[in-house]
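Numbering of ligands and ligand atoms starts at 1, following listing order. Bear in mind the structure is a predicted one, so any value in this text is a computation, not a measurement. Start at 1 with the first residue, then count along the sequence.
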Amino acid sequence: MNYPNLLSPLDLGFTTLRNRVIMGSMHTGMEDRAKDTDRLAEYFAERARGGVGLIITGGYAPNRTGWLLPFAAQLLSSTEARRHRRITGAVHDGGAKILLQILHAGRYAYHPFSASASSIKAPINPFRPRKLSSKGVQDTIDDFVRCALLAREAGYDGVEIMGSEGYLLNQFLAPRTNKRTDSWGGTPVKRRRFPVEIVRRTRAAVGSDFVICYRMSLADYVEDGQTWDEILALAAEIEAAGATIINTGIGWHEARVPTIVTSVPANAFVDISSALAEHVGIPVVASNRINMPAAAEQILAETHVKLISMARPLLSDPDWVQKAQADHADEINTCIACNQACLDHVFVHKTVSCLLNPRAGRETTLVLGPTRAARSVAVVGAGPAGLAAAVNAGARGHRVTLFDANTFIGGQFDMARRIPGKEEFTETIRYYAAMLDKYGVTQRLGVRVAAEQLGEFDDVVLATGVTPRMPSIPGIDHPKVLSYPEAIYGTRPIGRRVAVIGAGGIGFDVSELLVTDQSPTLNLKEWKAEWGALDSHEAPQARGALATPIPAPPVREVYLLQRSKGAQGKGLGKTTGWVHRASLKAKGVQQLSGVNYERIDDAGLHISFGSDHTRPQILDVDNVIVCAGQEPVRDLEDALRRAAIDPHIIGGAALAAELDAKRAIRQGTELAARL
Ligand code: FAD
Ligand code: NAP
Ligand code: SF4
């Protein structure tokens, strides 16, 4: 059998999971509205049919105080529980098991009625929580128990009690947020009483044949967080209180250690989960930055953990498990941990989807069934937009020919994957290469196609993307000026002192490339040292598993410039931007805003500031790299229209402003669904 550990069942005594893959909890936004129940059911059902062993829903509050947002997901009544039967039924029909996650947001609740262990405001939330009274604590325990009973009524196989990520239970556990001196605080034993009581009383209420998974923070990564010794003691008590499984949580939402973004090395926190698993008798789940079967198999074979949790990888590919079973890991659409369509959507209250798989969350409306009338389709451009169009049109049964001027596929994404910390974007290109082959797409690479070559096709798709904008600064043609593709592909040597014009996503990425020593690439130990993240089990007394960060020395002196005033990187992703900003700051990149570009000459880049061009300054740099946005490439359009061909135009070719791969892939997929 392929992946014998990963695909083997796990007997929990009273029930059996068909394999070791858990779809971890992820708030989708669909939980919050009753009208989205069928949509949510189909979203989970597609993953169940795809082979996952156990699904954990997004968080449902056990009472109104625990709402994440006003009127967010809750499970408080039998009426609500009845609605959930559509979800649990659909998942069970698909052969999987499903747990409801009970989440009390505590001080992360984004509303004025929030409550916590103490009245201490979270740095990431404007609302100050009230301190729960002793009665309030008891009532909250009752609410958790009632919620678990309702989950059983709704047909769930169990519940996950959310005790990590800095939510309410975690707030009771850490001296950072629990300053109580009553029987719920003051000592580690009293601080852990609240979650332990919740598990104990839930077990007593639901009986022995119902899964209780407890999600535990194994490294808080905040000051005054828990110590490892406290975490071990909590795990022992949670087990004794009746938990079936312990799931891993890493880092509070306010932590300044990245835990899930692309630049976090693969399997970064598995050792901590394994160390905990050595101390308890119930199965422990590893999570965070695990996204491919070989890695998951190796973890199960070589460590003490028994289950693997993946949330985002099951968004990007609902058939992940089936593909592993069929030994087609090369066909897995691997989550690249970009957060752009999942977590970043959560923070702006948009329904979660996936950059790579725009069908996620739209299973009932974006349907890609077989076509009844196969057509011949030319796709010009093998960037993300063209690849998505070609693969999905091919999958539907159209005869597709894909052209690209480059001798490789990927378009601008081929540059993205060369940025330190974005190496995993290579997986996307691997996925598309496999799917082009699978669906018999004819590839004409190294061909800059002309309009007259396209007359024979029923449909022509222009996915010709974008080209870098070169602003009209005096001296822009000076030999020290490079475009960002020249810098990324290393077509010309770059000196020690560099100015980067444009502080958008690409300016940030190019700056990261310039300051990073790429040989050898950072290993896990060095990455943790950079961010001051300890392996909690190796520093059992360290509160919050934090150390002083030791950034790797920058290999160049870099100025990052923009014309607009104010902080740079405002347009970066909500959940990823802070990581990019912190990384460049740690590496000494000098960020200058409100800049006028006066000229470039042998002396360097001449700049001034503000509308009155004051404070002239010469940045005596060896090179200037231009990352000043892009223009669409549409040179084929006129000729095609003259030849009476009406092309479909998608991705950057349609609009360069605010383009990203999310839009490009979505447009390619939606077009393929319409063809
Ligand atoms: P392109 O990627 O530009 O592809 C167009 C293709 O068309 C090219 O391969 C080109 O060779 C081909 N072509 C053009 N004319 C012809 C012709 N006449 N004949 C044949 N072929 C032709 N986006 C994100 O969402 N997240 C990120 O983290 C991210 N990071 C990035 C980092 C870097 C360094 C860069 C450069 C980009 C990044 N992007 C990121 C942006 C993302 O790559 C682009 O938005 C995306 O590639 C646009 O897709 P597209 O298919 O529209 O165009
Ligand atoms: P961008 O985000 O639009 O940034 C362009 C930058 O160039 C801005 O800082 C802009 O700032 C500057 N600029 C624009 N016109 C200029 C001119 N004429 N002269 C001088 N400066 C000029 O575009 P990008 O960085 O090229 O990125 C392209 C797309 O790729 C983005 O939309 C982004 O979503 C995507 N991307 C995403 C990520 C990610 O991590 N999510 C990473 C890379 C790229 P001023 O006008 O203030 O000078
Ligand atoms: Fe993964 Fe990005 Fe898709 Fe989220 S949007 S599931 S991080 S690939």
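- The nearest protein atom to atom 2 (Fe) of ligand 3, hydrogens excluded, is given as Cys338 SG, 2.4 Å; this is a heavy-atom distance.
- Considering backbone and side-chain atoms together, Tyr484 places no N or O closer than 3.5 Å to any N or O of ligand 1.
- Near Ala661, meaning under 4.0 Å from one of its heavy atoms, ligand 1 places the atoms 23 (N), 24 (C), 25 (O), 45 (O).
- Atoms of ligand 1 lying under 4.0 Å from at least one heavy atom of Ala405, given by number and element, are 20 (C), 21 (N), 22 (C).
- Per-residue contacts place Gly652 under 4.0 angstrom from the following atoms of ligand 1 (heavy atoms of the residue considered): 52 (O).
- Remark: minimum distance from atom 5 (S) of ligand 3 to any protein heavy atom is reached at Leu355 N, 3.2 Å.
- The option from Ala382, Gly383, Pro384 that lies nearest to atom 49 (O) of ligand 1, judged by heavy atoms, is Pro384.
- Counting heavy atoms closer than 4.0 Å to ligand 2, residue Arg469 contributes side-chain atoms (C-beta onward) but none from N, CA, C or O.
- Ion pairing between a basic and an acidic side chain is recognised when a charged N comes within 4.0 Å of a carboxylate O; Arg49 and Glu42 show such pairing.
- Only the side chain of Tyr597 comes within contact range of ligand 2, with a heavy atom under 4.0 Å; no backbone atom does.
- At a heavy-atom distance under 4.0 Å, only backbone atoms of Glu658 (N, CA, C or O) approach ligand 2.
- Annotation: atom 2 (O) of ligand 2 to nearest protein heavy atom, Gly504 CA, 3.5 Å.
- For atom 14 (C) of ligand 2, a protein heavy-atom neighbour is found at a distance under 4.0 Å.
- Close approach to Gly651 involves these atoms of ligand 1, each under 4.0 Å from a residue heavy atom: 52 (O).
- Counting only heavy atoms, the protein gets under 4.0 Å from atom 25 (O) of ligand 2.
- Under a 4.0 Å N-O distance rule, the pair Glu165/Arg215 qualifies as a salt bridge.
- Remark: ligand 1 atoms within the under-4.0 Å shell around heavy atoms of Phe413 are 43 (O), 47 (O).
- The nearest non-hydrogen atom to atom 16 (C) of ligand 1, considering only Ile409, Thr464, Asp414, Ile649, comes from Thr464.
- Given atom 34 (O) of ligand 2, the protein heavy atom at minimum distance is Leu659 O, 3.3 Å.
- Ligand 1 lies nowhere less than 4.0 angstrom from a heavy atom belonging to Arg663.
- Shortest contact from atom 8 (S) of ligand 3 to any protein heavy atom: Ile336 N, 3.5 Å.
- Among all protein heavy atoms, the one lying closest to atom 12 (C) of ligand 2 is Gly502 CA, 3.9 Å.
- The residue among Cys342, Gly573, Ala341, Ala661 with a heavy atom at the shortest distance from atom 4 (Fe) of ligand 3 is Cys342.
- At the top of the distance list for atom 3 (O) of ligand 2, counting protein heavy atoms only, stands Gly629 CA, 4.7 Å.
- For Ala416, no heavy-atom contact with ligand 2 is shorter than 4.0 Å.
- In this structure, atom 42 (C) of ligand 2 lies nearest to the protein heavy atom Lys422 NZ, 3.3 Å.
- Taking every heavy atom of Leu659 and a limit of under 4.0 angstrom, the matching atoms of ligand 1 come to 45 (O), 48 (C).
- When hydrogens are left out, the protein atom nearest atom 19 (N) of ligand 1 is Val449 N, 3.1 Å; that is the closest non-hydrogen contact.
- Counted by atom type alone, Asn339 and Thr575 present one or more donor-acceptor pairs between their side chains at under 3.5 Å.
- Atoms of ligand 2 lying under 4.0 Å from at least one heavy atom of Cys627, given by number and element, are 5 (C), 6 (C), 7 (O).
- Counting atoms of ligand 3 from 1 in the listed order, those under 4.0 Å from a heavy atom of Leu356 are 8 (S).
- For the ligand labelled ligand 1, residue Ile650 lies outside the 4.0 Å heavy-atom shell.
- Among protein heavy atoms, the minimum distance from atom 16 (C) of ligand 2 is reached at Arg563 NH2, 3.1 Å.
- Between the choices Val380, Thr467, Val379, Asp635, the shortest heavy-atom distance to atom 17 (C) of ligand 1 belongs to Val380.
- Distances from ligand 2 to the non-hydrogen atoms of Leu572 include no value under 4.0 Å.
- Residue nearest to atom 8 (C) of ligand 1, selected from Asp404, Thr262, Asn339: Asp404 (by heavy-atom distance).
- The proximity of Cys354 to ligand 3, defined as any non-hydrogen pair under 4.0 Å, involves the side chain as well as the backbone.
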